[in-house]
Structures are given as C-alpha cells and as structure tokens.
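The analysis underlying the following values was restricted to heavy atoms, covering all of them including side chains, and did not include hydrogens, waters or symmetry mates.
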There are 2 protein chains.
Amino acid sequence: MPRGRPPSHTREQVVDAAIRIADAEGLAALTMRRIAQDIGAGAMSLYTYVPDKDRLLDLMVDRVGGELVLPAATGDWRTDLIAVAGAQRKLMLAHPWLPAAIPNRRLTGRNMLAYLEKGLAALAPTGLDGPTKMEIVALMTGFVASFVTAETTPATPQEDQVALIGEAVASGEFPELAAVLAEGGQGREPGFDRIADWTLTGLVTQALAF
Amino acid sequence: MPRGRPPSHTREQVVDAAIRIADAEGLAALTMRRIAQDIGAGAMSLYTYVPDKDRLLDLMVDRVGGELVLPAATGDWRTDLIAVAGAQRKLMLAHPWLPAAIPNRRLTGRNMLAYLEKGLAALAPTGLDGPTKMEIVALMTGFVASFVTAETTPATPQEDQVALIGEAVASGEFPELAAVLAEGGQGREPGFDRIADWTLTGLVTQALAF
DNA sequence: CGCATTTATCGTACGTCGTACCGGAAATAC
DNA sequence: GTATTTCCGGTACGACGTACGATAAATGCG
C-alpha cells in the first residue's frame, strides 16, 4: 500500500487538460493556473504531477504522438512515406500548437520513437544507410510542420503588408514577384498531397542516385 | 525643422541592440529592459521607436535579411537555388534565433521581399507557374530553418533520453531504429550541401515532371 | 526675451507569468 | 494514539510587456 496522502489527480489528467486548452485556445493561453482551474486544483498542485511547464510540453507532444494512425505498410517506400507524412499532417491539423511545440524536443517519449520507427520502416526498402534515413525523416517532419504552420496561419493580408508589397512591386525592383502576382491564381496552389509527393519522392530519388 | 524634443536614439539603434543581444544570448534573453539598458535608455523610451516587442522582432528579421549576400545568378536553377539556400543557412548560423523568429512573420519588410525575389529569380528558368514557385521558396525556407535548428541545437543526449532509447531498443519493438543505431556512424551524415541539393533538385524535378 | 506647443524621456505601477516555499491536510505504519 | 510520508494549495517573489502621466527639451511665434 502506498503511504501518504493519495493524489487527487493523475499526470494523465493534467496532460489531457493541457492538450484540451492548447487545442481550443492556442499555446499562448496555456498557463499553469489555467490548467489547474480546468481540473479543479490549485495551481501549485500541478507540480506534484509534472516537474515544470517545459516537461509538460514534452509530455503533451509525446501524448498526441500516440494518436498517429497509419495504414499497414505496403512495402512501397513512396506510398508508405507519403502515408506517414499525411498522418502527421492530420495530427498537426488536429493540434495546431504542435508545429510550434516540436522544434527542440528530440525524442521526448515512446510515441515519438514509434513515429521515427514508422518513418524508418517506410524507408527500409530503399536500402539507404542509417544516417541518411534519419535525416530524411527529420526533414519530413520539418517540412510537414512548416506546411501546416502556413496552412493554419490565416494568411494575414494586413494593410501595411499590402501597402508594402504594392509599392515594392510598383518600384520595379521586384520583377519576378510582380510577374507572379500579375499571373494571378491561374496555376492554383499545389496542395499538400502533391507537395509531399514531390518533396519526398524527389528527395529519396536524389539520395538513391548519389 | 522638427518641433519638440529631439530623439536621443534611433530605431536602427534599438533594432541593432536587440539583434546583438539575441545573437549573443538568445531570444529568451531579449527583453525590453535589457535592450534599453544596452543603449543607455529607460525601458519605456524604446516605445518611441517601436510600437511593441512583436514589431521589433519583425524589424529584426527584416534587418538581418538585408545581410543576405548572393553570388550573381548563373541562370542554372539548380546552382542558383542551392546558392540561395546556402546563403540563408549562413545567415541563420550567424543569427541562431532567426529560425525561431521567422515562422509566422510573412513578408515583414523589403529585405524579405528581396529574398523572395531571389528565390523566384532562381526558379525562373524552370518555367514553373507562380504558385508553385512560391510554394517551393517557402518550402526551402522552412527546410533551411529546420536544418539549422537541428544543427545549432547541441544534440542534447540527456541521461533520460539515453535511457529511453536504450530500453526502447532493448524491448525489440523498434527494429528499424535498433538497426540504424547498431549500424553506427559508418554511413556518415550527409551534410547541408548534399541535403540541400537532394531536396531542391528532387523537388523541382518532380514538379517539372508533373 | 517669454510662452505655447510639440515631442521624447522614463519612473511608477498594473496585470500576468512560472514557480519556490511551507504550513496544513490526509493517508499509512507502528 | 504518534510518527511518517505524501499531496494540497495559499502566499509571495522576481521577471515580463507595457499603460499612464509627470517632466524635460526642443521649436515657433509674439
């Protein structure tokens, strides 16, 4: 039997509440007091379950990492790799704070290791060496994070930005930019699946050709 | 002649001091009070030159963007694009806070527009449509930022991480990861130039093939 | 010159944050 | 009972961004 006063909550409850808040209101709204309030505890009680806010973020990242669902590997690296990227994007769209929270957190838990494992497994048929496979998985993660960040940031065409671009184009110093803007949206943006295919296929193909 | 009390400093001085601090001590050490102290002013005086800290970050990003130096374009998109990526990496290595500061700041000033222009110019010979070129430049920026972040983060092999990986590998649930680790460093990490070449060449090649 | 006007300076202060500290509460072991 | 262990959470500290407003320093006008 455990000695001492029994805990009123669990680490999981704390992490879940934090994820719920971050999902709904963003990372900026995620404060220790807010989490405590959500689970009906005093602010300082959280420190029974989590050493500090930074570790809590680690735990959040690893926890949502467990939500990654992937179809069974087909053995075709192209298909499998794109599937991993797509699953990751889906995860990041469900948890928009994720791209901002990931950067420095290398391998924070088993779920992140599992993700890495999936990426490596998808690349296994290519026969690439270990460091290259690691690099490609890391690159893929970064790429997906960048894409989703751009995707979820509402494109903010602020007045001052419009003015800036307008006069820049008018100045004639940015001919390529002017051409692209003049062209309008006729080319249509490529979209995630196409971009992911280009990026990953291109990257692996080049690595193999080397 | 301007009326009123003349300013004791300039916006440039404020931005420069901020960059100096961020370069030397990181973004976390960049506080308004610290900047003010550095230039010998009261904290609140800064607000004469800058509306708030967030705009100051915009100004910092755009300012260092002016340091980008590129060799003359050769007309070969592969060479030119890699040159742009390399210059951007150099910039980020000189200002390690840059990758963290860029994310949401779309086109904060003329220097960032100039960077975009360079990227588009490098891609001009490919004949790709506007949106695709824009996407590729954005992807390139994100990729370089990811790479430099990984590069400048001191790889932190913390005890707990080592333990985590150790037991994970021992559990047998991560065969691919185990294989890569067992393989040792024989494959040698590819390095930026190689990676950039693979990524960009692969990406453009795939886009062209479409 | 004096005086109104304009602009910059910056001390004080407020609200918020992460979290150190520590007395009190709640459980078990003896 | 009492000692021991563990968790709870109020209070408080230092740091942050920055609103406010009194004060200072310049010009333009009489």
In whole Å, I'd like the distance from the CG atom of B/Leu46 to the P atom of D/dC16.
13 Å
What distance do A/Arg110 atom CZ and B/Ser171 atom OG have between them, rounded to the nearest 0.5 Å?
5.0 Å
Of B/Leu93, B/Leu70, B/Thr141, B/Leu98, which meets side chain to side chain contact (heavy atoms under 4.5 Å, CB included) against B/Gln88?
B/Thr141
Using a heavy-atom cut-off of under 4.0 Å over every strand shown, decide if A/Ala41 touches base, sugar-phosphate, or nothing.
sugar-phosphate
Closest-nucleotide 5' rank along DNA chain C - winner of B/Met44 and A/Met1
B/Met44
If only side-chain N and O atoms of B/Ser45 are considered, is one of them under 4.0 Å from the OP1 or OP2 phosphate oxygen of C/dA8?
no
Phosphate oxygens OP1/OP2 of C/dC22: is one of them under 4.0 Å from a side-chain N or O of A/Tyr47?
no
As an exercise, state the distance from CZ of B/Arg194 to CD of A/Glu135, rounded to the nearest 0.5 Å.
11.5 Å
Measure the spacing between OG1 of A/Thr199 and CZ of A/Phe147 and express it to the nearest 0.5 Å.
9.0 Å
Taking the six-membered ring for Trp, are A/Phe192 and A/Phe143 parallel (under 30°), tilted (30 to 60°) or perpendicular (over 60°)?
parallel
Smallest heavy-atom separation, B/Tyr49 atom then B/Thr10 atom, equals CD2-C, 3.8 Å
Can you check the B/Tyr49 OH to C/dT7 P distance for me, whole Å?
14 Å
Calculate, to the nearest 0.5 Å, the distance between atoms CD and CG belonging to A/Glu167 and B/Leu113 respectively.
9.5 Å
Of all of residues 16-37 of chain A, which get a heavy atom below 4.0 angstrom from DNA chain D, listed by number?
A/Arg33
Strictly below 4.0 Å: does A/Thr48 bring a side-chain N or O up to OP1 or OP2 of D/dC8?
yes
Contact list for DNA chain D against residues 3-14 of chain B - heavy-atom distance below 4.0 Å
B/Arg3, B/Gly4, B/Arg5, B/Pro6
Atom pairs and distances, donor-acceptor, side-chain atoms in residues 35-42 of chain A, under 3.5 Å, two or more places apart:
residue : atom : partner : partner atom : Å
A/Asp38 : OD1  : A/Arg34 : NH1          : 2.6

